[in-house]
There are 2 protein chains.
Amino acid sequence: MDPDLSKLDGFLNEVDVDGYLIEADGDAADQRYLSGFTAPDPFVTLYTGETHLLVSALEYGRAKRTARAETVERHADYDHRSNVAEYGSHEGKYRTLAAFFDAHGAGSVAVPADFPIGTADGLRRCDVAVQADIDGVLGEIRARKHAEEVEHIRAAQRANESAMARAEKLLAAAETVDGTLSLDDEPLTAERVKREIEIELLRNDCALDETIVACGADAADPHDRGSGPLRPDEAIIVDIFPCSKETGYYADMTRTFCVGEPSDTIERWYDLTLEAQTAALDAIEAGVSASDVHDAVCDVYEAAGLPTLRADETTETGFIHTTGHGVGLDIHEYPRISEEPIELEAGNVVTVEPGLYDPAVGGVRIEDLVVVTEDGHENLTEYPKALAVESR
Amino acid sequence: MDPDLSKLDGFLNEVDVDGYLIEADGDAADQRYLSGFTAPDPFVTLYTGETHLLVSALEYGRAKRTARAETVERHADYDHRSNVAEYGSHEGKYRTLAAFFDAHGAGSVAVPADFPIGTADGLRRCDVAVQADIDGVLGEIRARKHAEEVEHIRAAQRANESAMARAEKLLAAAETVDGTLSLDDEPLTAERVKREIEIELLRNDCALDETIVACGADAADPHDRGSGPLRPDEAIIVDIFPCSKETGYYADMTRTFCVGEPSDTIERWYDLTLEAQTAALDAIEAGVSASDVHDAVCDVYEAAGLPTLRADETTETGFIHTTGHGVGLDIHEYPRISEEPIELEAGNVVTVEPGLYDPAVGGVRIEDLVVVTEDGHENLTEYPKALAVESR
């Protein structure tokens, strides 16, 4: 894939700097997108209309072979050792970088908002003008996915569904012993289900991020990963977000299950959440504001008398997160589906994940992953939605 | 564990600021150490002699229950929504942060070198004085491990050895078919061995970082993760660095194996690398300079006529990396064992991992993980060292 960087060229022109600079871990999304290279340790990418990499001796050979860059250089090409000997390891590094920029005609650079302050202030002391690109132009460029990127995400989502099926199968096969779920004479714990999910993802060449399997009050905290024995008649949230080891692209999906008899409140919350998700999905198309999609969810919940952060920013129960987020080389990326009025574009890949939470009830969340299209969306999620478990 | 933060108090006094500020991903090592809290999304930790957390509504309940902090607050406590409405999402956030600092008497802060420049410059516009702590005082504090931390690392290392045994067993059981290794009528590929390593780590509750299984020319690039069928009579580097899911602490170990008959060069390199590692381990004790440990490795290699970066900073073959690095909540942390003269302290946990590389020969690396003690070291690695594979 050859990314279209005309928007980056326009940005550099607009803010009147010579280049765009990234110094980040080798798997940072912006850097991977811009350089086509990934490494275990930090390296430097400078874009001036052409892409220039500065890497350690260790990465030099592989970067020369595989990076999408006009030039690949290493610190030794800029007298790094004598800089460090004369100025110490930090100031010496800034001087090496300044010399590298100078060689590529970059006396001023824009950097991502998360660029390290140590390097930024150090470069400023070397008379390089550094300004933060707070809005994240590369995040915006990355948000419009190429067809090839959508296929990478779709492939990760297929692995995701295979892992979800594994989890649901375990739940469907469980029986209740002394008030908790049990399988093959062992307690069926959140940890055990997560392990099986992760092994299934590994078998499909996906990297092993965190997974959420949370039951009852645990599930009422949307970020609690869950622990301990799972229980019947309670809502169990399963949220899986794998990353393809080969491509680096993520997928993301949540389902909520109940083994046994859900309470009336859980059933009502499930139906409402499905209704809220449908309303949000119906609202999605290119040109629409993300805040309208978020409002569609809040409208459904508030009409049912349930609290939302929109209605009360201090509520700790009800709908206490945003509606969704972009997914790509990062698990959480631009555009967010929240109260912020961001115009959705064709090619955006976003989650739609309304949910309700209360420690006294538990949690319910349903999450799909969709591509925004000119006249609506394509749902990349094929997994069925039902509270009752089935052995798929 | 209650970390001893007296060194941090001294640092704040010395650089004359009111507080130490971290805004980072929830699993960033410094922040996890300082706050005792971890979360999937970024949050803010401010240390002023007491620890204050600012988290999203989503994390608020869990942070109040589990963080090691005097106060836990959320953005809504500082008029965040009206700040964003009036000043936009970025400038509004900086004003919310500035109000949070003001409430805790912090008009000036030091921040880690990797603190995001967007936030730093934004706070400066709100008249908060922000200076980068380039040397990383928290990294230095974290480098002296408490006994409890050493036990966490030891536990991760036990899981690591179980995974290494799994890998070696696969290699020992392989036979040669058409010039490549085969097991159970399937090619024994680097990917297949890595997958089994990762599954074994998962079964021992370790998170799934990258793993290196690299054969022949692949192994000559120290950061190549390896791919494709493994071959007999070549050196195969297996480098495993798991992270305990529960504690967040890492372990790290490398072994080099050969199935079949290694070349004379590989055998000689293996013996030299063992000799270099022994020399480095013998040099380690509290009070010694890390550069002396690194020199011990270079001395062995150079005496044998092999290139090192110390002798020629442009070499692409021979010993082309540093001798080791600290291990803890980060896989690569302070202190590095390199040409930099850093005094080792009792309680440092470091790797000792000399190696030799040349695409025409392959790669050899042997890595142990040790605790620096007053009069030497304790080796946390129990796994045997031998080039020939055995079914353990």
Side-chain angles (χ1 to χ4, degrees), chain A residues 26 39-41 56-62 74-77 80-81 84 89-91 111-122 130-136 191 195 198-199 202-203 205 207-210 220-225 245 309 313-316 320-321 331-332 339-340 359, chain B residues 26 39-41 56-62 74-77 80-81 84 89-91 111-122 130-135 191 195 198-199 201-203 205 207-210 220-225 245 309 313-316 320-321 331-332 339-340 359:
Chain A
D41 285 323
S56 69
L58 205 56
E59 308 291 359
Y60 184 57
R62 199 165 52 83
R74 57 194 154 167
H75 298 90
D77 297 327
H80 185 55
R81 181 168 292 189
V84 167
S89 64
H90 300 300
E91 295 300 325
V111 299
D114 64 356
F115 188 89
I117 185 180
T119 306
D121 284 354
V130 179
Q131 61 172 281
D133 161 29
I134 297 178
D135 291 317
E191 291 84 349
R195 189 173 301 177
E198 289 169 353
I199 290 173
L202 263 183
R203 294 199 188 283
D205 264 327
L208 308 114
D209 281 75
E210 285 290 337
D221 177 341
H223 275 179
D224 193 315
R225 284 87 157 177
K245 288 192 185 196
L309 280 179
E313 66 171 324
T314 66
T315 185
E316 291 180 49
I320 51 176
H321 53 67
I331 178 61
H332 293 148
E339 62 192 22
E340 213 181 327
Chain B
D41 285 322
S56 69
L58 204 55
E59 308 291 0
Y60 184 58
R62 198 165 52 83
R74 55 193 155 168
H75 299 90
D77 296 327
H80 185 55
R81 181 169 291 188
V84 166
S89 64
H90 300 301
E91 295 300 326
V111 299
D114 64 356
F115 187 89
I117 186 70
T119 306
D121 284 352
V130 180
Q131 62 173 280
D133 161 29
I134 297 178
D135 291 317
E191 291 85 349
R195 188 172 303 177
E198 289 169 352
I199 289 173
L201 291 175
L202 264 183
R203 294 198 187 284
D205 265 327
L208 307 115
D209 281 75
E210 285 289 336
D221 177 342
H223 275 178
D224 193 315
R225 284 87 156 177
K245 289 192 185 197
L309 281 179
E313 65 171 327
T314 66
T315 185
E316 291 180 47
I320 52 175
H321 53 67
I331 178 61
H332 293 148
E339 61 192 21
E340 214 182 326

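Convention: sequence-line order gives letters A, B, ...; per-chain numbering from 1. These numbers come from a predicted model, not from an experiment.
Of all the heavy atoms in A/Pro116 and B/Ala113, the pair that sits closest is CB-O, 3.3 Å. Of all heavy-atom pairs between B/Gly118 and A/Ala132, the closest is CA-CB, 3.9 Å.
With chain B as the partner, the residue from A/Ile320, A/Thr315, A/Asp114, A/Thr119 showing the most heavy-atom pairs under 4.5 Å is A/Asp114. In terms of heavy-atom pairs under 4.5 angstrom with chain A, the leader among B/Val84, B/Thr314, B/Ile331 is B/Thr314. Most heavy-atom pairs under 4.5 Å with chain B: of the set A/Ser89, A/Gly122, A/Ala207, A/Pro112, this distinction falls to A/Ser89.
For B/Glu339, the salt bridge (Lys or Arg N to Asp or Glu O under 4.0 Å) criterion is met by A/Arg81, not counting sequence neighbours. Listed by chain and residue number, A/Asp221, B/Glu59 satisfy the salt bridge (Lys or Arg N to Asp or Glu O under 4.0 Å) test with B/Arg62 (two or more places apart in sequence, or in another chain).
Taking CD1 of B/Ile134 as the reference point, atom CD of A/Glu91 lies at 5.5 Å (rounded to 0.5 Å). Note that CG of B/Asp133 and CD1 of A/Ile117 are 10.5 Å apart. Values are rounded to the nearest 0.5 Å.
For B/Arg203, the parts sitting under 4.5 Å from any heavy atom of chain A are the backbone and the side chain alike. For a residue to count as touching a neighbouring chain, one of its non-hydrogen atoms must lie under 4.5 Å from one of that chain's; by this rule B/Glu198 touches chain A with backbone and side chain alike. If you measure heavy-atom distances from B/His75 to chain A, you find no contacts under 4.5 Å at all. In this structure, the portion of B/Glu316 lying under 4.5 Å from any heavy atom of chain A is its side chain and not its backbone. Residue contact with chain B, scored on non-hydrogen atoms closer than 4.5 Å, involves the side chain of A/Val111 exclusively. Both the backbone and the side chain of B/Asp135 come within less than 4.5 Å of a heavy atom in chain A. When heavy atoms are compared at a cutoff of 4.5 Å, B/Phe115 approaches chain A by way of both its backbone and its side chain.
Of the possible donor and acceptor atoms, none in the side chain of A/Arg195 sits under 3.5 Å from a partner among the backbone N and O of B/Asp205.
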